[in-house]
Amino acid sequence: MAKNIYEKIWGAHIVHEDGDAALLYIDRHFVHEVTSPQAFEGLRLANRRVRRPELTYATMDHNIPTTGRGMPIKDPLSKKQVEVMEQNCADFEVELFNVDDRRNGIVHVIGPELGLTQPGFTIVCGDSHTSTHGAFGALAFGIGTSEVEHVLATQTLSQRASKTMEIRVNGTLATGITAKDIILAIVGKIGTAGGTGYVIEFTGEAIRALSMEGRMTVCNMTIEAGARAGLISPDEKTLAYLKGREFLPKDTSWDDLCARWSAFASDEGCAYDRLVELDASAIEPQVTWGTSPGMVTGVTGKTPVLKDISDSSMRAATEKALGYMDLGEGVAMEEVRINKMFVGSCTNGRIEDLRAASALAKGYTVSESLDQALIVPGSQEVKQQAEQEGLDAIFKAAGFEWREPGCSMCLAMNDDYLNPGDRCASTSNRNFEGRQGKGGRTHLVSPAMAVAAAINGHFTDIRNWKFN
Amino acid sequence: MNPFTTLKGIVAPLDQPNVDTDQIIPKQFLKRVGRSGYEDALFFDWRVLDDGKTLNPDFALNEPRYQGASILLARENFGCGSSREHAPWALDNYGFRCIIAPSYADIFYGNCFNNGMLPIALSDAVVDDLFKATLANAGYELTVDLPAQTITQPDGSALSFEIDAFLKERLINGLDQIGLTLRHEEKITAFEKAAQG
């Protein structure tokens, strides 16, 4: 019988079954400094060890500063958390890509870069954006800290099978439209709980046409639609990306790896519980206007008009969101002015994102109405690559700040945050109230849209951009 | 883990859909390395005014009638967003042992059970009725009986709820998931051996 990729990976990882629950073997476990201390402490209290430390990799990303590397971290709580991570990795023999390591970066950026993310794997991390790794045809999802402890102790996780949803993006994207616009349009279409209980496989011509970086952006924000995980079946692009990466198995030939990985791709004619279709050619540059990623419209669109919303709870939520965002009804998105910009995060902090951003920035200057415009690469590797290509010089010449890698202003745990009333064009993944700083207002966009907004001081349709 | 069997407690209403875990506990409290002491962080940006000290008198949880509440009444897609287990920790530390809502985000839902908390899903209409009853009656209490899968209202009428049999068993007995899994350690080892081929 034809199987989809989720059914194949699930079936290949069952250790024990009990009704519709299964104990799944976990191939790769990523940990970071914020959601792991309590898990390691739990192991200590129960006198347990890490069952397979060689399958577990740690990085520092959420809480670290993006300036002054090499200096002691000023915030004592952040400093302590970093020290606890170092100690835990030393005590439990887990490999750590520390802040000064050339392999350091945001967990969902470095996993693929290092070849730690592989097709057919089960991958977990105490972070909801673990869905990113699904771009490689891995079943990857975020877990809580108790589950982090469970995986450390047992290398397994108790799971219930999810339903499956195929999201087929037909046709081709217009020039300037990116993976970020596809996923924002999808979340807008199915809603932030539209994927609850499902694992999503993204298919169709427009998905196949995306680079691996673009596919990671799409899978990254699957969680914003509430889905357990998002996947894309591996193909030639997947294999080409992975070839030669540092942590690929050394005891298997490349051809054998390719054969093993490719076998996980969904079979022709396989079934899903639900199908959603989108026309790629109809997607325009997306901008969120509210406090949930599903509150989104095209750049030529306007904020909602309350009397046009028939559902009363939807109307109330819209009114509250517009209030928090300090936006009126029926306001054209292109008239909305910003004073901060952030390009980075596990959603859009990869080399392709920085290339797209720099292409727009070249020969322009950040608007005087901007108080801050940050470019934060997703990893050291991305940073080095961008500097080799001279992208940092373009950004700096245009008045953008070029920072060290980390999660930075996506969740604003470090010194990169919005002040009350700030309005930010951000390439991150969440526009929740206060996400980037209490009282801050976040508009989610693609890297190109963020840079265009920073240069013009307001949202701009990049399809009309004059490139230098 | 503390077992959960029955709970009689005051109900506090949080009348908003899609409450995300960034609201349940904002990021500035995620720098701590312990599992307890998060009660002051719960709904911080809503519960506390901009001075960081004064309680917001307009936030429901601050009303005198809801003090000591142990059941949180919420709307659909509760707990969406970040996987942070600090969210159930903060709710638990504050005193909530049970949540009633039409639906939950997946990761949050699982995190509750791993902390001995019971998230109950009821239909929109029933949750709507509970909101009305909670707002209309000061000191409104419900009695949750997990073994019987019922919620009893002050007038004695009972509602029933569905829950996965395995999760129910775990809560009632306060079973540690790692301990349960390690009963299958031989199978884990066998799986690893087979994978190494």
Side-chain angles (χ1 to χ4, degrees), chain A residues 13-16 18-19 21 23 25 34-35 37-38 41-42 46 48 51-52 62-63 75 77-78 80-81 84 126-128 130 141-147 149-150 153-156 158 160 192-193 196-197 223-224 226-228 292 313 317 320 411-413 420 430 432-435 438-439, chain B residues 1 15-18 20-23 26-28 30-35 44-46 50 52 75-77 80-89 103-115 124 164-167 176-185 187-188 190-192 195:
Chain A
H13 289 83
I14 296 172
V15 171
H16 170 76
D18 192 358
L23 196 61
Y25 200 78
V34 172
T35 59
Q38 298 85 353
E41 191 55 22
R48 287 173 175 140
R51 182 179 178 89
R52 299 287 302 276
H62 278 63
N63 199 358
D75 179 343
L77 285 173
S78 299
K80 164 99 173 165
Q81 205 167 48
V84 166
D127 187 283
S128 61
T130 307
F141 50 90
I143 57 177
T145 298
S146 295
E147 292 172 309
E149 184 180 338
H150 188 279
T154 70
Q155 204 56 41
T156 65
S158 177
R160 260 158 227 279
T192 51
T196 303
I223 184 67
E224 310 317 330
R228 171 109 288 223
S292 153
S313 73
K320 182 168 187 290
L411 85 165
M413 275 189 80
R430 292 192 171 128
F432 297 152
E433 282 184 32
R435 168 80 178 183
K438 186 173 181 178
Chain B
M1 200 169 77
D15 195 0
Q16 281 188 50
N18 303 308
D20 58 78
T21 53
D22 271 84
Q23 305 315 319
K27 84 281 262 137
Q28 63 267 33
L30 309 189
K31 296 181 181 185
R32 303 178 187 168
V33 295
R35 284 182 103 112
F44 189 84
D45 288 352
W46 288 344
D50 287 347
R75 295 289 187 183
E76 71 265 22
N77 199 27
C80 59
S82 161
S83 61
R84 58 188 69 168
E85 196 163 316
H86 307 69
W89 295 339
S103 58
Y104 301 87
D106 272 350
I107 304 175
F108 175 82
Y109 187 74
N111 285 343
C112 285
F113 287 97
N114 284 328
N115 289 281
D124 278 316
D164 177 276
F166 175 70
L167 293 173
D176 161 38
Q177 180 65 47
I178 295 176
L180 288 176
T181 296
L182 288 175
R183 293 187 311 190
H184 305 297
E185 187 162 16
K187 282 190 166 181
I188 300 174
F191 185 96
E192 288 171 334

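Chain A is the first sequence line, chain B the second, and so forth, proteins listed ahead of strands; every chain is numbered from 1.
Of the listed residues A:K80, A:Q38, A:R430, the one with more heavy-atom pairs under 4.5 angstrom with chain B than any other is A:Q38. For the options B:D50, B:D164, B:N115, B:N18, heavy-atom pairs under 4.5 Å to chain A are most numerous at B:D164. Options A:R160, A:H13, A:E147, A:Q155 differ in how many heavy-atom pairs under 4.5 Å they form with chain B, and the most are formed by A:R160. Between chain B and the residues A:L77, A:I223, A:T154, A:T145, the most heavy-atom pairs under 4.5 angstrom are made by A:T145. When each of B:N111, B:D15, B:T181, B:L182 is checked for heavy-atom pairs under 4.5 Å with chain A, B:T181 comes out on top. Chain A forms the most heavy-atom pairs under 4.5 Å with one residue out of B:G34, B:P17, B:P26, and that residue is B:G34. In terms of non-hydrogen atom pairs under 4.5 Å with chain B, the most contact-rich of A:T196, A:I143, A:T130, A:D18 is A:I143.
Distance CG/B:L30 to OG1/B:T21: 8.5 Å, rounded to 0.5 Å.
A salt bridge links A:E149 and B:R35; the closest N-O separation between the charged side-chain nitrogens and carboxylate oxygens is under 4.0 Å.
With hydrogens and angles left out, the side-chain atoms of A:H150 and B:N114 include no donor and acceptor closer than 3.5 Å. Under 3.5 Å, the side chains of B:E85 and A:S146 contain a donor-acceptor pair of N or O atoms. A side-chain donor from one of B:W46 and A:E433 sits under 3.5 Å from a side-chain acceptor of the other.
The contact between A:D75 and chain B is made entirely by side chain atoms (from C-beta outward), counting heavy-atom distances below 4.5 Å. Contact of A:A193 with chain B is made through backbone and side chain together, with heavy-atom distances under 4.5 Å. For A:V84, the part sitting under 4.5 Å from any heavy atom of chain B is the side chain, from C-beta outward, and nothing else. Contacts of A:A46 with chain B are absent, with no heavy-atom separation under 4.5 Å from either backbone or side chain. Using a 4.5 Å cut-off between heavy atoms, B:N77 contacts chain A through its side chain alone, with no backbone atom that close. Residue B:Q28 does not touch chain A at all, counting heavy-atom pairs closer than 4.5 Å. For a residue to count as touching a neighbouring chain, one of its non-hydrogen atoms must lie under 4.5 Å from one of that chain's; by this rule A:E41 does not touch chain B. Heavy atoms closer than 4.5 Å to chain B are found in the side chain of A:L23, but not in its backbone. For A:T192, the parts sitting under 4.5 Å from any heavy atom of chain B are the backbone and the side chain alike. For chain A, no part of B:F108 is nearby; none of its heavy atoms comes within less than 4.5 Å.
Under the salt bridge (Lys or Arg N to Asp or Glu O under 4.0 Å) criterion, B:D22 pairs with A:R435, B:R84, not counting sequence neighbours.
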Exercise. For salt bridge (charged side-chain N to carboxylate O under 4.0 Å, His left out), just list the numbers for A:R51 and B:E192, CA-CA rounded to whole Å, side-chain angles, deciding distance to a tenth of an Å, and then say yes or no.
Key: CA-CA 11 Å; A:R51 182 179 178 89; B:E192 288 171 334; 2.9 Å; yes
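Here the side chain of B:S83 pairs no donor or acceptor atom with the backbone of A:G142 at under 3.5 angstrom.
Around the NZ atom of A:K320, the shell of radius 6.0 Å holds more than 12 heavy atoms that belong to other residues, nucleotides or ligands.
Here the closest heavy-atom approach between residue A:V15 and residue B:K187 is recorded as O-CD, 3.6 Å.
Using cut-offs of 30° and 60° on the angle between ring planes, the pair B:Y104 and B:Y109 is tilted.
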